[in-house]
Amino acid sequence: MKIVTWNVNSIKVRVPHVCDYLRATAPDVLLLQETKISDDKFPALEIEDLGYTIALLGQRTYNGVAILSKHPMEDVIRGLPGNTDDEQSRYIEATIQGLRIGSLYLPNGNPLGTEKFDYKLRWMGQLRDHAQAMLRDDVDFALGGDWNVAPEAQDLFDPGAFLEDAIAHNESRALWREINYLGLTESFRALHPDLAQAWSYYDYQRGAWEKNHGIRIDHILLSPRVADRLIEAGIDRDERSRVQPSDHVPVWCVLAD
DNA sequence: ATGGTTGTTGGACAA
């Protein structure tokens, strides 16, 4: 089973990229973030024509998450459990082939010292609680998305440039570790522990792509039994070289069936 | 050099 996560930064603009990607790589599941569109306006037909089922938690202008699946989806939940009054569309989860699979768009949290950063930390705490509850209930799961956390210095092209950034702040990283230390496996780094310059995001500004100035903030975390099935993981950086690309590229893993 | 770019939207705001 191949699972991909991709922050598309507007599905409306990125429909051709997504359809080409589905045709070329045929993942079982594609998790989307920043679709930036209400559910009634989501361009579903083109995607369904490629054989995918769609589950949505959209929002106009900002945020918006989705799950595209080749296989049937069951028991879809929208919004993080325990945070159902969240006004921002940042989490959707469904059962696919016996796995609970979540698509998440974790708050960016910048700038530090504002309500936005508090919201990020609160949201991460709620995500931790949800992961913990699933482990307690013996649920197999994968949590993929734009985590807006660069876990370590090696996940930033210039660690010194992010000292005041919520993406690399100690408190963001502490909660990231709390979640991982529940017993989860971050699929890419587990298989490529020392691979440098493996970026999942390149800013549109300052010629970041041309200079290879990226960061790694998109991740897929696996619960223990699922991690035992992990056989491959990667990042499709070439998507960033296309015309009118998203600022994020697809991040994926493959599980043994 | 406090800039630069993209997307939504129709002037800022988010990233």
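Just so it is clear: chains get the letters A, B, ... in the order the sequence lines come, proteins before strands, and each one is counted from 1.
Residue-to-nucleotide proximity on DNA chain B shows that, of A/Gly109 and A/Asn9, the 5′-proximal contact is made by A/Asn9. The nearest heavy atom of DNA chain B to A/Lys116 and to A/Val13 marks one nucleotide each, and the one closer to the 5' end goes with A/Val13.
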For A/Val65 and A/Leu104, run side chain to side chain contact (heavy atoms under 4.5 Å, CB included): C-alpha distance rounded to whole Å, both residues' side-chain angles, the deciding distance at 0.1 Å, then the answer. CA-CA 7 Å; A/Val65 287; A/Leu104 67 95; over 6 Å; no

Report the C-alpha separation of A/Glu239 and A/His248 in whole Å, then their side-chain angles, then the decisive distance to 0.1 Å, and conclude whether the side-chain hydrogen bond (donor to acceptor under 3.5 Å, both in side chains) test is met. CA-CA 9 Å; A/Glu239 276 297 326; A/His248 297 250; over 6 Å; no

Given A/Asn9 and A/Ser246, is the side-chain hydrogen bond (donor to acceptor under 3.5 Å, both in side chains) satisfied, shown in steps? CA-CA 6 Å; A/Asn9 186 21; A/Ser246 170; 5.3 Å; no

Determine, step by step, whether A/Tyr21 and A/Asp236 satisfy the side-chain hydrogen bond (donor to acceptor under 3.5 Å, both in side chains) criterion, reporting the C-alpha distance in whole Å, the side-chain angles of both residues, the deciding distance to 0.1 Å, and the verdict. CA-CA 10 Å; A/Tyr21 187 83; A/Asp236 291 327; 2.6 Å; yes

What verdict does the salt bridge (charged side-chain N to carboxylate O under 4.0 Å, His left out) test give for A/Arg225 and A/Asp228, after you've listed the backbone C-alpha separation in whole Å, the side-chain angles of each residue and the deciding distance to 0.1 Å? CA-CA 5 Å; A/Arg225 274 190 303 267; A/Asp228 288 341; over 6 Å; no

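A/Asn110 places its CG atom 20 Å from the P atom of B/dT2, with the value rounded to the nearest Å. Residue A/Ile37 contributes atom CD1, which lies 14 Å from atom P of B/dG7 at whole-angstrom precision. In this structure, A/Lys120 atom NZ and B/dA15 atom C1' are separated by 12 Å, rounded to whole Å. Per the geometry, CG belonging to A/Asp247 stands 9 Å off P belonging to B/dG7, to the nearest Å. If you measure from atom CG of A/Asn63 to atom P of B/dG7, you get 17 Å, rounded to the nearest angstrom. A/Gln88 has its CD atom 15 Å from the P atom of B/dC13, to the nearest Å. In this structure, A/Glu87 places its CD atom 14 Å from P of B/dA14, rounding to the nearest Å. The distance between atom CG of A/Asn7 and atom P of B/dG7, rounded to the nearest whole Å, is 12 Å.
The side chain of A/Lys36 contributes no N or O atom lying less than 4.0 Å from OP1 or OP2 of B/dA15. Applying the 4.0 Å criterion to OP1 and OP2 of B/dT8, one finds that A/Gln59 has every side-chain N and O outside that range. A sub-4.0 Å separation between OP1 or OP2 of B/dA15 and a side-chain N or O of A/Tyr62 is absent.
Sorted by residue number, the members of residues 201-216 of chain A with any non-hydrogen atom under 4.0 Å from DNA chain B read A/Tyr204, A/Gln205, A/Arg206.
B/dA15 and B/dG4 have their C1' atoms separated by 13 Å, given to the nearest Å.
In summary, A/Asp28 and A/Lys2 do not engage in a salt bridge, as defined by a charged side-chain N under 4.0 Å from a carboxylate O. We find that A/Asp247 and A/Arg240 are not joined by a salt bridge, their nearest charged nitrogen and carboxylate oxygen being 4.0 Å or further apart.
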